[in-house]
Amino acid sequence: MPLSIATWNINSVRLRLPLVESFLDDYAPDVLCLQETKCPDDKFPFDALRKKGYEAIEVNGQKGYHGVATLSRRPLQLVEKREYCAKGDCRHLSVIVDGGNKRILLHNFYVPAGGDEPDPDINPKFRHKLDFLEEMQGVHAEDDRADAAVLVGDLNIAPLETDVWSHKQLLKVVSHTPVETETLEKLRVGNGWADLMRTAIPPEDKLYTWWSYRARDWNASDRGRRLDHIWGSPSLVPHLTGMDVLRHARGWERPSDHVPVIARFDFS
DNA sequence: ATGGTAGTAGAACTA
């Protein structure tokens, strides 16, 4: 039985609802995890997305900022909406996806961006980002509640040298500083996660999921970063059949600055 | 070195 899981920082689900709808029409992932929905739960476009066949929807949203949502064509069971750093931010949602013969625990994360200055002593946003990562230590790839686990989302860190357009030029830029990349990799490995995007796409290859809105020509300058991630239990690796990073989505009309990533599994 | 754009708002924040 195939199972596909997509992740996409949508940067306002209401403004970009037509983009989400056409993405679901064209790619039809079984599950879609959205971040930066910027939408209170009572204003979430449930009806429009259910019409597309995504009957199971779980949201954790707030007004104006942040917010995550997980939609599925298969039954979902809500596990947790965990509040990190006691700030009242809506940045996490976990569900169990019925994958046929496998039950998958699926975490959807939106990690704080961290501001501009990569010094936790003078920048509270960077401190918050590091604290958030510290709290993620408890999120393990092995979990008794399911057969396997997947963690997706905008983690706002590009860990590998090939995850940014220029390793040297970004060493002091938030998202690629050593404290961030080392903390994220330790967190991933220490909690038993496999980097499924890099399992499918060789770590030597440049790979980006985000291009700034501020570039004159995002495609020509190609100053991208891999900020969005799909991790999984090591037991899932033999079942991974594909990984699509929809670079061309950055060129859609009124695009998000992030593009969708889709992981495909087969459990037959 | 700076400023560049986008979204939610309806000023100033976040990214």
Side-chain angles (χ1 to χ4, degrees), chain A residues 7-21 23 33-45 48 59-69 83-92 108-120 122-133 152-159 163-166 168-177 179-181 184 208-229 246-261:
Chain A
T7 182
W8 192 9
N9 177 320
I10 194 62
N11 189 16
S12 175
V13 66
R14 285 177 288 175
L15 188 73
R16 274 180 254 289
L17 180 60
L19 235 45
V20 177
E21 290 172 317
F23 168 71
C33 295
L34 296 171
Q35 302 87 34
E36 276 208 274
T37 51
K38 296 186 174 178
C39 179
D41 292 350
D42 62 348
K43 298 221 165 67
F44 193 86
V59 294
N60 184 17
Q62 66 186 87
K63 188 181 169 191
Y65 306 102
H66 325 314
V68 292
E83 182 185 346
Y84 283 76
C85 303
K87 286 177 71 83
D89 286 354
C90 296
R91 296 179 177 275
H92 169 263
N108 179 357
F109 271 102
Y110 176 49
V111 172
D116 289 330
E117 180 57 58
D119 180 346
I122 60 176
N123 176 9
K125 291 183 203 167
F126 197 70
R127 167 65 67 196
H128 177 212
K129 185 176 197 173
L130 298 180
D131 289 347
F132 193 101
L133 294 171
V152 308
D154 177 5
L155 305 186
N156 265 314
I157 297 173
D163 290 337
V164 291
W165 64 275
S166 167
K168 274 191 178 173
Q169 285 179 258
L170 287 172
L171 274 169
K172 290 180 178 171
V173 174
V174 171
S175 74
H176 193 63
T177 64
V179 64
E180 292 171 272
T181 58
L184 189 72
Y208 315 138
T209 64
W210 172 90
W211 291 261
S212 171
Y213 282 125
R214 296 173 187 176
R216 282 189 200 91
D217 183 337
W218 72 273
N219 195 34
S221 59
D222 199 20
R223 295 186 169 191
R225 306 177 200 170
R226 183 171 72 111
L227 302 180
D228 303 274
H229 296 267
L246 302 192
R247 180 187 168 102
H248 71 279
R250 185 62 180 77
W252 289 346
E253 198 174 334
R254 293 204 82 181
S256 168
D257 45 354
H258 297 250
V259 299
V261 183

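Lettering follows sequence order; numbering is per chain, from 1.
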- Item | With A:Arg247 via salt bridge (charged side-chain N to carboxylate O under 4.0 Å, His left out) - residues at least two apart | A:Asp222
- Query: Considering only the P atoms, how many Å lie between B:dT2 and B:dA6, rounded to the nearest integer?
  - Reply: 23 Å
- Message: Can a donor-acceptor pair be found, under 3.5 Å and without considering hydrogens, that links the side chain of A:Glu36 to the backbone of A:Ile10?
- Response: no
- Whole-Å C1' distance, B:dG4 and B:dA15: 14 Å
- Measure from NZ on A:Lys87 to P on B:dT14 and round the result to the nearest Å. 9 Å
- Query: Counting any heavy atom closer than 4.0 Å, what does A:Arg91 reach on the DNA or RNA strands: base, sugar-phosphate only, or nothing?
  - Reply: sugar-phosphate
- Item | N or O in side chain of A:Arg16 less than 4.0 angstrom from B:dG7 OP1/OP2 | yes
- Query: Whole-Å distance between B:dG7 C1' and A:Glu36 CD?
  - Reply: 9 Å
- Nearest-angstrom distance from the residue atom CG of A:Asp116 to P of B:dT14: 11 Å
- Item | Interatomic distance, A:Gln62 CD vs B:dA15 C1' [rounded to whole Å] | 14 Å
Could you go through nucleotides 8-10 of chain B and list every protein N or O atom that sits under 3.5 Å from one of its N or O atoms, giving the distance for each pair?
| unit_1 | atom_1 | unit_2 | atom_2 | d |
| --- | --- | --- | --- | --- |
| B:dT8 | OP1 | A:Ser12 | OG | 2.3 |

- Message: Rounding to an integer number of Å, can you tell me how far A:Phe126 CZ sits from B:dT14 P?
- Response: 16 Å
- Message: Suppose you measure atom C1' in B:dG7 against the same atom in B:dA11; what distance do you get, rounded to whole Å?
- Response: 14 Å
- Taking atom P in both B:dG3 and B:dT8, compute the distance separating them and give it to the nearest angstrom. 26 Å
- Might you work through the ring-ring contact (aromatic ring centres under 6.0 Å, His included) test for A:Phe109 and A:Tyr84, ending with a clear yes or no? CA-CA 11 Å; A:Phe109 271 102; A:Tyr84 283 76; 5.6 Å; yes
- Pairwise P distance, B:dT5 and B:dA9 [rounded to whole Å]: 22 Å
- Message: Which residues pass the salt bridge (charged side-chain N to carboxylate O under 4.0 Å, His left out) test with A:Asp163, not counting sequence neighbours?
- Response: A:Arg198, A:Arg226
- Taking it one step at a time, do A:Asp89 and A:Lys87 satisfy salt bridge (Lys or Arg N to Asp or Glu O under 4.0 Å)? CA-CA 5 Å; A:Asp89 286 354; A:Lys87 286 177 71 83; 5.4 Å; no
- Task: Just call it for A:Arg223: base, sugar-phosphate, or nothing, with non-hydrogen atoms closer than 4.0 Å on any strand.
- Result: nothing
- Roughly how many Å is it from NE2 in A:His128 to P in B:dC13, rounded to a whole number? 18 Å
- Message: Just checking A:Asp217: does its CG atom have more than 12 heavy atoms from other residues, nucleotides or ligands closer to it than 6.0 angstrom?
- Response: yes
- Message: Rounded to whole Å, please give me the gap between CZ in A:Arg254 and P in B:dA6.
- Response: 8 Å
- Once you round it to whole Å, what is the distance between P of B:dA6 and CG of A:Leu19? 14 Å
- Item | Side chains of A:Glu180 and A:Leu184 in contact at under 4.5 Å (non-hydrogen atoms) | no
- Message: Regarding A:Arg216, tell me which of base, sugar-phosphate or nothing describes its non-hydrogen contacts under 4.0 Å with the strands shown.
- Response: nothing
- Item | Contact nearer the 5' end of DNA chain B, comparing A:His258 with A:Tyr213 | A:Tyr213
- A:Tyr208 ring center near A:Trp165 ring center (under 6.0 Å): no
